[in-house]
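Here the structure is laid out as structure tokens; the discussion comes afterwards.
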Number of protein chains: 2
Amino acid sequence: MDVENLSKDLERVSTETMADIVELRLREFFKKKSFKPGDALPKEMELVAALGVSRNVVREALSRLRMLGMIETRKKRGMILARPDVLGTFERVLDPLIIDDHILQDLFELRLVLEMGLADLLFLRKTDKNIAELEKIALDETHDGEKRFRVKNEIAFHGKLYEITGNNTLKRFQVMLMPVFGYVTTLEKDKEYQTGKVNHLDLVNILKNGTKEDFKAGMYAHLKPHFDSLTKK
Amino acid sequence: MDVENLSKDLERVSTETMADIVELRLREFFKKKSFKPGDALPKEMELVAALGVSRNVVREALSRLRMLGMIETRKKRGMILARPDVLGTFERVLDPLIIDDHILQDLFELRLVLEMGLADLLFLRKTDKNIAELEKIALDETHDGEKRFRVKNEIAFHGKLYEITGNNTLKRFQVMLMPVFGYVTTLEKDKEYQTGKVNHLDLVNILKNGTKEDFKAGMYAHLKPHFDSLTKK
DNA sequence: CATTATTAATATGTACTACATAATAACTTT
DNA sequence: AAAGTTATTATGTAGTACATATTAATAATG
């Protein structure tokens with residue numbers, strides 16, 4: 001018999017556990033009933049009865065959903081559907097020590113892409129106040145002290161850029177990805193840390209007086225050393 | 001007494017459950033022991049003995065970690081530390097129906113930022129073959145059939161762009177965010193669906209013969225209707 | 001002796017019971 | 001009617017028991 005096609009004829013035996021299934025069912029249930037954040041959810045025992053599984057299983061599934069921020073359980077009062085913290089769950093697994101090197105590299109590229117694309121939002125939402133604050137950070141770095149300070153300042157500057165976009169999700173994204181960036185920069189520490197031809201103060205000035213296109217070009221020049229370190233894959 | 005400062009003097013009573021604590025302990029443990037993906041982890045009963053909690057609690061904590069993709073449990077064989085799927089966990093909560101409108105808007109902006117920033121990677125990794133495939137997609141849309149097809153094609157084109165970057169994480173990111181984009185575009189359906197002054201075919205041609213700067217300008221023109229729909233907040 | 005069958009040991013998955021404890025509801029007391 | 005007391009409810013934790021899949025160990029067979 002043709003072994004190759006065996007998997008076509010033989011349906012794969014489900015390896016899912018009860019908890020997996022219950023988790024899925026609950027997700028569907030929440031969606032179907034179109035619960036809104038804050039709504040009270042059925043009690044454990046009701047779910048047990050409805051689903052026909054042990055309380056253990058239900059609790060395990062609920063625990064996972066809670067982990068994802070989809071539900072909240074106020075002790076002894078019942079559960080409510082929560083507003084899932086999209087980035088929060090992301091954050092929980094984002095440990096540079098555990099993440100695969102390839103993905104680390106990908107995330108680093110993601111950062112570069114993000115920062116290159118910031119310009120439009122930046123020019124849409126910049127204010128004099130914002131720019132002044134950004135300038136203060138840029139000026140601070142002239143101390144040119146120890147390396148650790150420089151890195152910290154680098155993060156502060158770019159962080160401020162995200163902040164100016166007024167997009168909180170974007171800002172949090174940057175904060176989360178920070179350790180990743182830090183890790184990658186330590187990886188490329190062999191070549192002396194360099195900031196490209198355009199420094200932070202230059203960028204501030206462009207933001208003040210220049211155009212979007214100027215800023216994009218400037219940001220590229222600023223990040224160029226990083227881009228250069230990218231392989232063509 | 002000063003009620004305002006009460007919370008300073010009175011330490012907040014911990015509301016953490018045993019499972020929360022065990023989860024944390026396990027994370028620390030994995031890190032401390034510097035387990036690598038694939039390494040076998042202690043058995044449940046060993047953890048129960050070491051931690052001094054019931055097996056229920058341990059299982060609940062393990063279940064969460066498994067949900068985050070940090071561990072895998074091959075049935076009856078034991079657990080191993082897995083390579084966490086960074087984006088996978090993200091995906092699980094990314095349901096446009098549940099997500100807060102503000103975050104939805106933020107994510108949509110994130111998309112625009114991403115696509116504006118793609119240019120540099122694109123020009124770094126484009127090949128004739130890639131461009132040909134992209135062109136094929138762009139040509140396909142001239143049918144100008146029903147709206148659903150147009151949307152599908154829109155997604156195909158932009159998806160291909162991500163693909164060309166050679167950054168798989170980026171690509172997956174786009175795939176995940178797709179339903180979000182779709183949701184947002186249906187929100188702004190009142191004004192007739194318009195693609196800006198630069199269409200897909202134009203972009204392909206710029207990618208062929210133009211410069212990075214041309215492409216950035218072109219992409220901005222292409223996405224302009226979306227940008228225009230953004231408020232200043 | 002090598003190969004196959006059988007059995008035992010192991011470890012996770014599921015079910016069930018029991019009780020602790022916090023929050024709330026119901027009830028009593030004055 | 002306000003305050004205090006008790007009962008109820010629902011989640012959190014512990015523990016036992018057993019099912020089942022996988023591997024290891026052992027016995028049986030040619």
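Chain identifiers are assigned alphabetically (A, B, ...) following the order of the sequence lines, protein sequences preceding nucleic acid strands; residue numbering begins at 1 within each chain.
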What is the distance, to the nearest angstrom, from the CD atom on Glu60(B) to the C1' atom on dT14(C)?
15 Å
Assess, by modelled atom type and distance only, whether the side chains of His158(B) and Gln174(B) contain a donor and an acceptor separated by less than 3.5 Å.
no
Considering only NZ, NE, NH1 and NH2 on the basic side and carboxylate oxygens on the acidic side, decide whether Lys160(A) and Glu163(A) come within less than 4.0 Å.
yes
In whole Å, I'd like the distance from the CD1 atom of Ile71(A) to the P atom of dG12(D).
9 Å
Report the distance from atom CD1 of Ile21(B) to atom P of dT13(D), rounded to the nearest whole Å.
8 Å
Note: Glu109(A)-Arg125(B) ion pair, threshold 4.0 Å (strictly below):
yes
Atom CG of Asp20(B) and atom P of dG12(D) are separated, to the nearest Å, by 9 Å
Positions of residues 47-56 of chain B (non-hydrogen atom under 4.0 Å from DNA chain C), listed by number:
Arg55(B)
Under 4.0 Å between a side-chain N or O of Arg59(A) and OP1 or OP2 of dA15(C)?
no
Counting just side-chain N and O atoms, does Ser63(A) come under 4.0 Å of either OP1 or OP2 of dT11(D)?
no
I need the CE-C1' distance between Met45(A) and dT8(D), as an integer number of Å.
15 Å
In whole angstroms, the gap separating C1' of dT17(C) from CD of Glu44(A) amounts to 15 Å
With sequence neighbours excluded, give me every salt bridge (Lys or Arg N to Asp or Glu O under 4.0 Å) pair touching residues 47-58 of chain B.
Glu44(B)-Arg55(B)
Between dA10(D) (C1') and Leu62(A) (CG): distance, integer Å:
12 Å
Applying the salt bridge (charged side-chain N to carboxylate O under 4.0 Å, His left out) criterion to Asp20(B), which one of Arg27(B), Arg25(B), Arg64(B) satisfies it?
Arg64(B)
Selection from dA15(C), dG13(C), dA14(D) that lies nearest to any side-chain heavy atom of Val57(A)
dA15(C)
Please report the distance, rounded to the nearest Å, between CE in Met18(A) and C1' in dT12(C).
14 Å
Would you call the rings of Phe157(A) and His200(A) parallel, tilted or perpendicular, taking 30° and 60° as the class edges?
parallel
Using a strict 4.0 Å threshold on nitrogen-to-oxygen distance, state whether Arg59(A) and Glu60(B) make a salt bridge.
yes
